[in-house]
Chemist: 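Quick one: structure below, then a few questions.
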Protein chains: 2
Amino acid sequence: MAYTIGKLAKAAGVTLETIRYYQRKGLIEEPAKPLQGYRLYPAQTVQRLRFIKRAQQLGFTLKEINELLFLDSGHCEDVRRLAEQKLHQIEAQISSLTALHGALQDMVSGCGSAETDNRCSVIDALSKNGAT
Amino acid sequence: MAYTIGKLAKAAGVTLETIRYYQRKGLIEEPAKPLQGYRLYPAQTVQRLRFIKRAQQLGFTLKEINELLFLDSGHCEDVRRLAEQKLHQIEAQISSLTALHGALQDMVSGCGSAETDNRCSVIDALSKNGAT
DNA sequence: GTAAACTCTGGTCTATAGAACAGAGTCAAG
DNA sequence: CTTGACTCTGTTCTATAGACCAGAGTTTAC
């Protein structure tokens with residue numbers, strides 16, 4: 001099953017502009033244009049677009065996603081090395097988000113109860129040194 | 001104690017450009033320029049800059065930070081609401097990252113052993129439905 | 001009292017991630 | 001076989017978060 005760009009966009013839940021942008025950036029391949037007619041995208045491009053969107057939601061930049069995508073086609077050893085690198089990044093990201101979560105939670109729970117002066121404790125907490 | 005912009009920048013660990021940018025964006029107040037001479041910034045601006053930087057590290061955009069700062073002079077409830085909103089965002093982000101971590105880990109451990117075809121299946125693992 | 005260092009204003013420039021548009025070509029349905 | 005929908009290429013525009021630069025004025029240190 002093949003898609004024209006509009007169908008592809010609809011199937012993947014992105015806009016035409018996004019697809020073209022990703023092509024320019026090398027995140028997805030631009031199928032050769034038939035000498036007359038429209039480009040046709042293979043079904044797997046839908047998956048790829050979804051992958052990109054998901055990874056983006058997870059806080060990866062397009063540049064990082066591009067790297068991740070390259071993992072798919074390289075030698076298994078390179079793949080492994082890069083993937084492990086990514087894993088460490090993700091671990092770090094999770095733990096810093098977890099710390100942030102705790103800090104914010106503390107702030108929120110202090111809020112409303114510990115207003116010694118007329119300022120919010122959330123602001124106070126953020127101005128000092130707390131979560132890393 | 002008052003700071004010229006350069007001292008302020010050094011004290012807060014930001015650049016002059018950052019300070020000016022924040023002024024343009026209304027995140028910090030631009031002191032009136034004495035008819036002859038340089039602007040002088042009150043010491044509390046250092047705190048404010050640190051607050052901004054800190055909040056930024058915690059994933060707030062300048063726009064959100066501006067809101068937080070604005071709300072500082074308002075009701076604590078509003079600040080709380082914003083912080084709670086952010087809290088939920090962070091929770092979602094953590095769980096997505098955790099899912100991604102699991103998927104990547106599976107891939108890394110399968111890599112080298114389970115290459116049924118000649119792909120290391122990152123895309124496979126993540127293009128389906130896993131992390132939301 | 002001059003030179004180095006700093007500040008001022010205002011503009012341009014960068015990267016990221018697209019959105020919007022113009023004018024042409026192409027396809028599909030009635 | 002024409003009209004409306006879609007696609008093509010290329011360019012410009014947006015927002016975010018600053019960085020950088022030039023030429024002028026100001027301050028500080030020697």
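Chain naming here is simple, since letters A, B, ... match the order of the sequence lines and numbering starts at 1 in each.
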Chemist: Of the non-hydrogen atoms in B/Leu62 and B/Tyr21, which two are nearest, and what is the gap between them?
Modeler: CD1-CE2, 3.5 Å
Chemist: Has B/Arg39 got a side-chain N or O lying under 4.0 Å from the OP1 or OP2 atom of C/dT7?
Modeler: no
Chemist: Look at the side chain of B/Thr15 and decide which nucleotide, out of D/dT26, D/dA19, C/dA17, has an atom nearest to it.
Modeler: D/dA19
Chemist: Could you tell me which non-hydrogen atom of B/Pro31 sits nearest to which non-hydrogen atom of B/Gln23, and how far apart they are?
Modeler: CD-OE1, 4.2 Å
Chemist: Is the phosphate of D/dT16 approached by B/Thr61 (side-chain N or O, under 4.0 Å from OP1 or OP2)?
Modeler: no
Chemist: Would you say A/Lys7 places a side-chain N or O within less than 4.0 Å of OP1 or OP2 belonging to D/dA5?
Modeler: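 False: A/Lys7 side-chain N/O out of range (4.0 Å or more) of D/dA5 OP1/OP2.
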Chemist: Are OP1 or OP2 of C/dG18 and a side-chain N or O of A/Lys53 less than 4.0 angstrom apart?
Modeler: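 Yes, because at least one side-chain N or O of A/Lys53 sits under 4.0 Å from OP1 or OP2 of C/dG18.
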Chemist: Please confirm whether the backbone N or O of A/Ile94 pairs with a side-chain atom of A/Thr98, one donor and one acceptor, at under 3.5 Å?
Modeler: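 Yes, A/Thr98 side chain to A/Ile94 backbone: donor-acceptor pair under 3.5 Å.
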Chemist: So, does B/Gln56 get its side chain near the phosphate of D/dT16, meaning an N or O under 4.0 Å from OP1 or OP2?
Modeler: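 No, B/Gln56 has no side-chain N/O under 4.0 Å of OP1/OP2 on D/dT16.
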Chemist: Under 4.0 Å: is that the gap between some side-chain N or O of A/Thr18 and OP1 or OP2 of C/dA19?
Modeler: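 The answer is yes; a side-chain N or O of A/Thr18 sits under 4.0 Å from OP1 or OP2.
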Chemist: DNA chain C: B/Tyr38 or A/Arg24, which has the more 5' nearest nucleotide?
Modeler: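 With B/Tyr38 and A/Arg24 compared, the 5'-side residue is B/Tyr38.
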Chemist: Check the phosphate of C/dG18 against A/Arg20, side-chain N and O only, distance under 4.0 Å to OP1 or OP2. Yes or no?
Modeler: no
Chemist: Got a donor-acceptor contact below 3.5 angstrom from the A/Gln47 side chain to the A/Gln44 backbone?
Modeler: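 No, the answer is negative, given that no donor and acceptor are paired below the 3.5 Å cut-off.
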Chemist: Can you see if the side chain of A/Thr4 gets near the phosphate of D/dC6 - specifically, an N or O under 4.0 Å from OP1 or OP2?
Modeler: no
